[in-house]
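Chain letters run A, B, ... following the sequence lines, proteins first and then strands; every chain starts at 1.
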Amino acid sequence: NAGVTQTPKFQVLKTGQSMTLQCAQDMNHNSMYWYRQDPGMGLRLIYYSASEGTTDKGEVPNGYNVSRLNKREFSLRLESAAPSQTSVYFCASRGAANANEQFFGPGTRLTVL
Amino acid sequence: QKEVEQDPGPLSVPEGAIVSLNCTYSNSAFQYFMWYRQYSRKGPELLMYTYSSGNKEDGRFTAQVDKSSKYISLFIRDSQPSDSATYLCASYSGSARQLTFGSGTQLTVLP
């Protein structure tokens with residue numbers, strides 16, 4: 001049981017480049033989330049998916065798009081990266097058995113130059 | 001104003017000390033309150049959660065919620081160097097599908 005996995009672990013982009021962050025979970029969870037974590041700001045929700053086939057905006061969705069590819073996978077895309085998107089990105093999932101607990105991946109450290 | 005406010009610290013204590021970590025929240029609809037622990041360069045993991053007001057104890061950890069004052073606390077007894085981490089409080093209402101996190105408090109327990 002790997003839990004929540006994220007790729008890549010690290011990435012450096014130039015302004016204007018695009019990239020996709022990948023996330024997968026093997027816990028058969030319905031809900032999946034993308035957060036960014038910045039110093040002093042805590043975790044802020046970018047997008048979430050309550051179930052396969054649905055996605056909704058969170059607190060800071062601008063500049064991002066998501067795809068819930070299937071029940072296991074939820075990807076985050078930066079179409080035209082900006083320095084303000086330099087952050088640590090976490091994917092999380094949540095099951096129905098315990099709605100209070102989100103399981104987080106190890107994170108992707110992204111730097112945009 | 002953020003819906004969940006948390007003192008960012010950092011907080012440094014000697015081993016064996018009692019630690020008190022605190023948050024306040026503004027959304028009266030919040031009913032579920034959680035504490036997540038995040039070790040350096042790792043993802044957060046759930047430490048404890050409580051529903052509505054009251055206390056919950058788990059080993060050396062006690063979570064406390066006072067809904068009248070909108071105050072959330074986590075107490076750590078006999079703190080250990082292995083408790084050194086960032087602690088994040090989080091809340092949500094029953095109808096919401098998303099957690100609202102505080103900014104986190106960085107704790108260092110010195111041996």
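B:D66 contributes atom CG, which lies 5.5 Å from atom OG of B:S53 (distance to the nearest 0.5 angstrom).
Both the backbone and the side chain of A:L43 come within contact range of chain B, judged by heavy atoms closer than 4.5 Å. With a 4.5 angstrom heavy-atom cutoff, A:R109 touches chain B only via side-chain atoms. For B:Y36, the part sitting under 4.5 Å from any heavy atom of chain A is the side chain, from C-beta outward, and nothing else. Only the side chain of A:Q37 comes within contact range of chain B, with at least one heavy atom under 4.5 Å from a heavy atom of that chain. Of the atoms belonging to B:Q38, it is side-chain heavy atoms, and not backbone ones, that fall under 4.5 Å from chain A.
The shortest non-hydrogen separation linking A:V4 to A:S93 is CG2-OG, 3.7 Å. Nearest heavy-atom pair across A:S49 and A:R68 is OG-NH1, 2.7 Å.
Figure legend: A:K57 and A:Y47 shown without cation-pi pairing, the cationic atom not lying both under 6.0 angstrom from the six-membered ring centre and within 45 degrees of its axis.
Under a 3.5 Å cut-off, the side chain of B:S79 and the backbone N or O of B:I76 do not form any donor-acceptor pair.
Taking 4.5 Å as the heavy-atom cut-off, none of the residues of residues 12-28 of chain B approach chain A. Contacts with chain A (heavy atom to heavy atom, under 4.5 Å) involve these residues of residues 100-111 of chain B, listed by number: B:F101, B:G102, B:S103.
Salt bridge status for A:E52 with A:K71: absent, with no side-chain N to carboxylate O gap under 4.0 Å. The residues B:E57 and B:R77 are annotated as salt-bridged, a charged nitrogen and a carboxylate oxygen being separated by less than 4.0 angstrom. Salt bridge annotation for A:D38-A:R36: present, with a cationic side-chain nitrogen under 4.0 angstrom from a carboxylate oxygen.
Classified by interplanar angle (parallel below 30°, tilted 30° to 60°, perpendicular above 60°), the ring pair A:F90/A:F104 is perpendicular.
Judged purely by distance below 3.5 Å, without hydrogens or angles, the side chains of A:Q102 and A:Y35 pair a donor atom with an acceptor atom.
Among residue pairs with one or both ends in residues 73-83 of chain A, those qualifying as side chain to side chain donor-acceptor pair (under 3.5 Å) are A:S18-A:R77, A:T20-A:R77, A:N70-A:E73, A:R77-A:E79; sequence neighbours excluded.
In this structure B:N55 satisfies the side chain to side chain donor-acceptor pair (under 3.5 Å) test together with B:Q64, sequence neighbours excluded.
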